Every structure is written in structure tokens, then in C-alpha cells.
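See below for the structure under consideration.
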Amino acid sequence: DAGITQSPRYKITETGRQVTLMCHQTWSHSYMFWYRQDLGHGLRLIYYSAAADITDKGEVPDGYVVSRSKTENFPLTLESATRSQTSVYFCASRDFHAGANVLTFGAGSRLTVL
Amino acid sequence: DAKTTQPNSMESNEEEPVHLPCNHSTISGTDYIHWYRQLPSQGPEYVIHGLTSNVNNRMASLAIAEDRKSSTLILHRATLRDAAVYYCIRRGRGGADGLTFGKGTHLIIQP
């Protein structure tokens with residue numbers, strides 16, 4: 001199916017463990033993004049990528065690592081998870097439509113760090 | 001992305017039109033106005049965007065004030081499925097990074 005998929009949808013882990021959230025898109029969009037969403041903070045940009053092997057920090061990058069070896073995949077890794085990283089994580093890709101950039105989001109990955 | 005102002009919440013009845021306002025009084029001439037919505041337990045979803053002229057698509061209409069300092073998202077006939085948080089975002093045409101989301105308007109639809 002065409003679209004953007006995230007996995008896992010739900011994950012429970014413990015403090016200090018490494019966790020990787022996967023994001024896959026089928027359109028070959030150049031730009032991809034990772035956001036986190038917390039009550040009281042709304043959606044905040046963690047990292048984004050303009051193309052394979054090109055990534056850059058967003059608003060809240062500390063504690064996260066990204067890579068983009070292939071255009072279609074943009075994994076987000078928490079190298080040593082902390083409780084403050086309990087959140088819902090959304091991946092998005094960007095297309096150009098009617099003169100402007102439009103984002104399409106995945107369904108989200110809900111991460112709980114105990 | 002610079003700031004927009006939206007009401008925290010609005011309530012409407014099913015099958016009636018809904019007008020969601022957004023104020024962007026400091027908008028520049030090249031900034032687009034985007035609307036996204038987020039249904040419960042889902043990711044944000046693109047609704048519509050525009051620059052100067054009013055825009056229509058299958059989901060909604062976007063009415064942009066002549067001075068571009070405000071806009072209104074119009075849902076012509078709200079259903080219970082339209083209950084969501086609606087985000088109004090102003091964004092330049094270019095830019096490498098993603099959209100900046102504010103708190104949005106929580107739209108409640110009464111049956």
C-alpha cells in the first residue's frame with residue numbers, strides 16, 4: 001500500500017535501553033521528518049532529512065539519533081531511553097502540491113519508557 | 001514559521017457549517033496559510049492551503065481576508081468524524097524544515 005508507515009505502533013521499554021522507531025514511505029519524497037507530541041507541548045520537530053545521507057536537527061534533537069541510508073526509510077533511535085522521552089512520535093514526508101510543501105504523517109508510535 | 005492565533009476550542013452541531021477562524025496579522029506577502037487537522041489517536045492530516053484567493057477542495061474551503069491578516073476554514077456540513085484539533089499554520093514557500101504546529105482549535109461536534 002502506498003503511504004507512510006511507522007513501526008512499532010506501541011513500545012514499552014526501560015530507562016537506558018536503546019530503541020529504534022522505523023519510518024517507511026513509498027513515494028520517494030526527498031524530505032522526511034520526525035516529530036514528538038506531548039500534552040502541553042503540542043508537536044515538536046526532532047530531526048529532519050532533505051535526502052539520503054542528509055539530516056539536520058530540529059527543535060528538540062537531544063537524546064535522539066537519525067540516519068537515512070535509503071530515501072524511503074528514516075529511522076529514529078533513542079540510544080539510551082529516558083522517562084522524559086515517553087511520547088507519541090510521528091514521522092512525516094513532504095510533497096509539493098499547488099505551490100506549497102505539504103506534509104503527510106504516519107499513524108504514530110506510542111513509546112513508554114519505564 | 002511565525003505565530004498564528006486560534007481559539008482553544010469551538011463547538012458545533014452535526015450537519016451544520018463550521019467556521020474556524022485564524023489570525024495571522026503579521027503574515028508576509030509570500031507566506032502560505034496551511035490547515036491541518038488531527039483526529040483522536042491519529043497523525044496530523046493535511047486539509048487545505050492557500051495564498052491569496054479562496055480555495056476549495058473535497059474536505060473544506062479556505063476563505064482568506066483581503067488583507068491576508070486572517071483566514072477561516074469552513075467545513076460546510078460537519079459530521080461527528082470532523083471532531084479533531086485543527087491547526088492553522090503560516091509558512092513560506094521554501095524552507096527546508098518542517099511545519100511548526102501551535103496548539104490549534106479543538107473542534108467538538110454535538111450530535
Side-chain angles (χ1 to χ4, degrees), chain A residues 3-7 9-10 21 23 25 27 29-51 54-61 66 68 74 76 87-110, chain B residues 1-6 8-9 27-62 64 68 71 84-106:
Chain A
I4 186 161
T5 56
Q6 293 184 233
S7 62
R9 292 292 315 280
Y10 302 92
L21 305 179
C23 179
Q25 53 120 345
W27 298 295
H29 291 164
S30 295
Y31 278 88
M32 296 186 74
F33 306 85
W34 274 107
Y35 287 84
R36 62 177 288 176
Q37 186 170 35
D38 308 287
L39 281 174
H41 287 283
L43 282 146
R44 292 181 290 175
L45 182 64
I46 305 170
Y47 268 97
Y48 65 96
S49 169
I54 302 175
T55 62
D56 208 346
K57 296 177 181 179
E59 181 186 354
V60 289
V66 293
R68 190 137 177 239
F74 190 36
L76 176 74
S87 187
V88 181
Y89 292 85
F90 291 101
C91 177
S93 69
R94 193 176 84 179
D95 194 13
F96 194 74
H97 167 67
N101 293 312
V102 172
L103 267 59
T104 301
F105 286 81
S109 293
R110 182 177 293 274
Chain B
D1 300 337
K3 194 171 174 61
T4 60
T5 305
Q6 300 178 251
N8 288 334
S9 65
I27 195 168
S28 75
T30 56
D31 282 352
Y32 281 78
I33 300 147
H34 297 249
W35 283 83
Y36 283 73
R37 72 179 185 180
Q38 188 170 19
L39 302 172
S41 301
Q42 295 189 28
E45 172 187 35
Y46 167 79
V47 178
I48 200 166
H49 74 275
L51 184 62
T52 55
S53 303
N54 294 345
V55 185
N56 301 294
N57 66 20
R58 63 174 180 82
M59 289 180 70
S61 295
L62 176 60
I64 301 171
R68 299 205 337 117
S71 61
V85 178
Y86 286 78
Y87 300 97
C88 170
I89 302 164
R90 50 178 268 206
R91 187 75 169 98
R93 181 190 172 98
D97 55 353
L99 298 171
T100 300
F101 289 76
K103 294 191 186 307
T105 295
H106 183 200

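Each chain gets a letter, A, B and so on, in the order its sequence line appears, and its residues count up from 1. Just so you know, these numbers come straight off a predicted model, no measurement behind them.
Listed in order of number, the residues of residues 45-62 of chain B that approach chain A to under 4.5 Å between heavy atoms are B/Y46, B/H49.
Per-residue heavy-atom pair counts under 4.5 Å with chain B were compared for A/H97, A/R44, A/E59, and the maximum is reached by A/H97. Put simply, of A/G58, A/A98, A/G108, A/G42, the one with the most heavy-atom pairs under 4.5 Å next to chain B is A/A98.
Counting only heavy atoms from C-beta outward, the side chains of A/L43 and B/Q38 approach each other to under 4.5 Å. Side-chain contact between A/V102 and B/Y32 is absent, with no heavy-atom pair separated by less than 4.5 Å.
With sequence neighbours excluded, no residue forms a side-chain hydrogen bond (donor to acceptor under 3.5 Å, both in side chains) with B/S41.
In A/R110, the CZ atom is not crowded: 12 or fewer heavy atoms of neighbouring residues, nucleotides or ligands sit closer than 6.0 Å.
In this structure a side-chain-to-backbone donor-acceptor pair under 3.5 Å is present from B/Y36 to A/L103.
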